[in-house]
Amino acid sequence: MTDLDPVKDLLRSLNPPQREAVTAQEKAILVFAGAGSGKTRVLTYRIAFLLLSGKVAPEEILAVTFTNKAAGEMNERVCALLGPQGQRVWISTFHSACLRILRSHIHHLGLPGDFVIYDGDDQQRLMEGLLKSAGVGLHAYPPKTILKEIERAKNRGIGPDEYHPEDFNPYQKKAAEFYPLYQEALRAAKALDFGDLLYFAHLLFQRVPQVRDYYQRRLRHILVDEYQDTNSIQHLIIKDLLGPDASLCIVGDDDQSIYRWRGAEPTNILSFERDFPMTKVIKLEQNYRSTQIILQGANAVVCRNRWRKEKSLWTANEPGDSLTLFWAEDEEEEARWVAGRIAEEGRGKYRRCAVFYRINAQSRALEEALMRWGIPYTLVGGVRFYQRKEIKDLVAYLRVMVNPDDEVSLKRILNVPPRGIGPKTVEKLHTLAHQKGCSLYQALQEASAREDLPQAVRKKGREVASLLERLRAQARDLPLNELASHIIEGTNYMEYLMAQGPEGQTRMENVKEFLGMLRGSGIEALKEFLDQVALLTDIDEYEDGVNRVSLMTLHSAKGLEFQVVFMVGLEEGLLPYYLRLDDPEEMEEERRLCYVGMTRAQERLCLSCATRRSLFGGQQRRVPSRFLRDIPKEIINQEGRRAPLVPSSWVWEEGLLSEDTHYEYD
DNA sequence: AATCGTAGTGTTTTT
DNA sequence: CACTACGATT
């Protein structure tokens with residue numbers, strides 16, 4: 001029987017701390033939510049609770065999630081609880097939220113609202129151009145490294161004029177030099193990079209108080225998920241948005257912080273109470289997801305971290321089966337074992353199963369084995385769909401339709417497919433643009449009228465310019481898929497791909513798939529599409545509900561759960577990854593990564609490692625991961641061959657196991 | 001300007 | 001192994 005009071009009805013299914021988190025009235029609420037403790041539920045119920053109280057309107061709530069997919073799911077769940085008014089709650093990622101804010105207010109900063117978003121690839125091309133024209137060697141100063149420094153600065157809210165690192169290393173020196181130039185180039189291209197989306201949002205709030213006040217007045221409740229993975233600038237943005245009377249509820253788990261390398265500051269959550277003195281702290285420690293044994297194993301791994309908030313996750317679930325460990329000869333045997341095990345465990349219900357690995361390169365052996373067993377699978381991530389050359393080419397065309405000033409995109413397509421506009425011609429166009437102080441696109445328009453340019457250049461220029469202009473006119477109101485078809489026809493793109501042999505075949509498939517994904521018509525729909533594409537993540541593309549095994553990296557696995565989980569490659573150097581062994585803090589993050597993977601499992605957790613593995617070209621002898629060693633052996637059931645016990649005298653070839661890492665199985 | 005071949009290099013995780 | 005950069009050739 002359901003209660004007539006919807007609020008009571010809502011709260012009945014929650015445990016006491018969950019209920020407390022949902023109903024708390026404090027201005028600052030910090031929820032430590034262990035893995036599988038129902039935090040998404042708490043967040044959605046809290047939103048529902050606020051709305052049902054009748055004192056809060058949907059527009060007054062902002063919920064920030066980590067991925068677009070999570071945002072979409074939360075939106076669905078809120079709507080399921082409340083009906084259509086749930087649609088009006090603002091649920092979004094940091095990046096999407098900032099994008100929306102900037103689209104309507106960035107003009108206050110003297111930037112146009114119809115900017116495009118540059119991804120890492122675009123950033124690199126842009127930086128490459130700057131370095132080249134400044135005569136800086138790309139080998140001595142890789143664009144990537146410089147960009148990393150700049151991004152680091154942006155993530156901490158440091159602008160181009162304030163960037164003066166104290167312990168200048170050569171890269172930082174170059175970064176300091178090029179940061180302003182880079183920003184200028186972005187501005188000229190009417191583009192913002194990922195970092196800018198956050199940095200400019202913060203800048204906007206700082207410089208233009210009336211915009212900040214508008215949001216502060218409007219937003220009475222802000223909720224943030226995965227707070228352990230926020231960086232400084234995101235923390236600042238939350239503070240900007242939070243008005244004096246608004247309440248902030250953050251949810252997170254320091255044990256699941258796995259994005260420190262990307263600038264996330266777990267201190268944001270750990271020192272939250274210091275930032276907001278009257279914070280109400282709630283701990284969700286009951287796990288509803290996993291068996292006791294899975295939890296015990298995961299805890300054994302993570303509790304060895306020194307830098308963590310003490311907590312005790314427990315479950316009322318069954319003890320469950322032992323963890324399974326398989327010691328393979330090499331990665332192929334490992335993959336065969338996984339496939340065989342899935343055929344058995346999955347019993348045709350493949351969607352129950354997932355395989356996690358540290359790096360994408362590991363997926364290959366698994367794919368081959370699964371294919372051989374006839375087991376359907378989906379690969380999350382890897383070479384991202386929108387990162388593929390052919391797709392990026394088409395996206396570049398579409399971008400130029402919207403924003404001809406986008407120089408990186410224009411340069412990308414100027415000679416794709418090849419139409420005789422090589423580096424020399426581009427150079428000439430560039431000088432022309434420089435002389436006239438106009439954009440490359442305008443220079444292209446004018447090229448045909450210039451007597452001082454060679455015949456060939458004028459002709460080619462005229463052809464491309466008129467093609468692009470024609471398409472641009474069509475972009476105004478044509479359905480997007482038709483527009484894209486016109487691009488393909490107008491450029492003979494398919495013929496170009498066809499000439500690339502068998503590889504071109506798959507590319508053509510991709511292009512066709514891309515065409516199928518285009519919806520709507522007109523320039524506004526196009527803009528919206530481009531925004532979406534820019535902020536898409538691997539996991540956003542992941543479609544659950546299909547009956548397939550899921551293959552993904554441990555990072556992508558965050559936030560998901562599966563009945564049966566396989567974690568492969570539990571070896572020193574792979575997990576923990578060899579590049580992160582020296583720094584103890586990074587080492588702890590590897591440990592958390594392992595913990596995140598393990599806690600995704602509901603019923604069964606199968607672990608594996610190999611004694612030999614060919615990776616990066618060569619074959620390497622491998623030693624089992626120290627994380628395996630931390631799991632009490634009473635809960636491990638070794639399958640197949642008995643594990644080769646690892647004598648402490650084994651020192652890994654590359655010296656990754658130092659002598660003080662006493663390494664012994666008994 | 002385009003294309004093909006070779007040599008050399010460096011391999012994470014992603015908004 | 002896969003990718004790129006660069007150089008020689010068409």
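As a basis for the values below, the full set of heavy atoms in this structure was taken, side chains included, without hydrogen atoms, waters or symmetry mates. Proteins come first, then strands; the chains are lettered A, B, ... in the order of their sequence lines, and each starts at number 1.
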Hey, can you pull the residues of residues 255-268 of chain A with a non-hydrogen atom under 4.0 angstrom from DNA chain B? Tyr259(A), Trp261(A), Arg262(A)
Go through it in stages, so that I can follow the logic: the residues are Phe566(A) and Val549(A), the test is side-chain contact (heavy atoms from CB on, under 4.5 Å), and I'd like the CA-CA distance, side-chain angles, deciding distance and then a yes or no. CA-CA 11 Å; Phe566(A) 292 83; Val549(A) 176; over 6 Å; no
Using a cutoff of under 3.5 Å, can you pull out all pairs of nitrogen or oxygen atoms linking the protein to nucleotides 1-7 of chain B, with atom names and distances?
residue	atom	partner	partner atom	Å
dA1(B)	OP1	Gly422(A)	N	3.3
dA1(B)	OP1	Thr425(A)	OG1	2.6
dA2(B)	OP1	Gly420(A)	N	2.7
dA2(B)	OP2	Asn415(A)	ND2	2.9

Nearest-Å distance, CG (Asn360(A)) to C1' (dT11(B))? 12 Å
Taking ring pair (Phe, Tyr, Trp, His ring centres under 6.0 Å) as the definition, give me every residue that meets it alongside Trp261(A), ordered by chain and number, with sequence neighbours left out. Tyr259(A), His555(A)
Most 5' of Leu535(A) and Glu590(A) on DNA chain B, judged by nearest nucleotide: Glu590(A)
Rounding to an integer number of Å, can you tell me how far Leu593(A) CG sits from dT12(B) C1'? 10 Å
For atom CG of Leu575(A) and atom C1' of dT12(B), their distance in whole Å: 11 Å
Establish, from distance only, whether the side-chain atoms of Tyr577(A) and Glu586(A) form a donor-acceptor pair under 3.5 Å. no
On the nucleotide dC1(C), are OP1 or OP2 found under 4.0 Å from the side-chain N or O atoms that Ser614(A) carries? no
When you look at Arg125(A) and Lys411(A), which way does the side-chain contact (heavy atoms from CB on, under 4.5 Å) test go after all the steps? CA-CA 10 Å; Arg125(A) 283 165 188 254; Lys411(A) 271 190 187 160; over 6 Å; no
If I pick the P atom on dT12(B) and the same atom on dA5(C), what distance separates them, to the nearest angstrom? 16 Å
Spacing of His555(A) atom NE2 relative to dT13(B) atom P, expressed in whole Å: 9 Å
Considering residues at least two apart in sequence or located in another chain, which fulfil the side-chain hydrogen bond (donor to acceptor under 3.5 Å, both in side chains) criterion with Arg613(A)? Glu334(A), Glu571(A)
Decide yes or no on side-chain contact (heavy atoms from CB on, under 4.5 Å) for Thr491(A) and Tyr397(A), but give the supporting numbers first. CA-CA 10 Å; Thr491(A) 57; Tyr397(A) 271 99; 3.4 Å; yes
d(CZ, Phe94(A); C1', dT15(B)) in whole Å: 12 Å
Expressed in angstrom and rounded to an integer, what is the separation of Gln362(A) atom CD from dT12(B) atom P? 12 Å
Rounded to whole angstrom units, what separation is found between the OH atom of Tyr118(A) and the C1' atom of dT14(B)? 20 Å
Closest of dT14(B), dA2(C), dT12(B) to the Arg364(A) side chain is dA2(C)
At what distance, to the nearest 0.5 angstrom, does CD of Gln228(A) lie from CD of Glu265(A)? 13.5 Å
Rounded interatomic separation in angstrom, taking CD from Glu226(A) and P from dT14(B): 15 Å
Compile the donor-acceptor pairs under 3.5 Å between side chains in residues 148-155 of chain A and protein atoms, sequence neighbours left out, one pair per line.
residue	atom	partner	partner atom	Å
Glu149(A)	OE1	Tyr163(A)	OH	3.4
Glu149(A)	OE1	Gln172(A)	NE2	3.4
Lys154(A)	NZ	Gln183(A)	OE1	2.7
Lys154(A)	NZ	Asp193(A)	OD1	3.2
Lys154(A)	NZ	Asp193(A)	OD2	2.8
Lys154(A)	NZ	Asp196(A)	OD1	2.7
Asn155(A)	OD1	Asn231(A)	ND2	3.4

Carboxylate-amine/guanidinium contact Arg580(A) Glu589(A), below 4.0 Å: yes
Any cation-pi pair here, Arg187(A) with Phe115(A), using under 6.0 Å and within 45°? no
I'd like to know whether Arg358(A) forms a side-chain contact (heavy atoms from CB on, under 4.5 Å) with Leu593(A), so could you lay out the CA-CA distance, the side-chain angles of the two residues, the decisive distance to 0.1 Å, and finally the verdict. CA-CA 9 Å; Arg358(A) 177 66 237 261; Leu593(A) 198 50; 3.5 Å; yes
On DNA chain B, check which nucleotide each of Ile359(A) and Thr67(A) is closest to and give me the residue with the more 5' one. Ile359(A)
How far, in whole Å, is dT4(C) from dT13(B) if one measures between their C1' atoms? 23 Å
Any side-chain donor near an acceptor of the partner, Asp119(A) and Tyr386(A), under 3.5 Å: no
Produce the list of close N/O pairs, under 3.5 Å, pairing protein atoms with atoms of nucleotides 3-10 of chain C; give distances to one decimal.
none

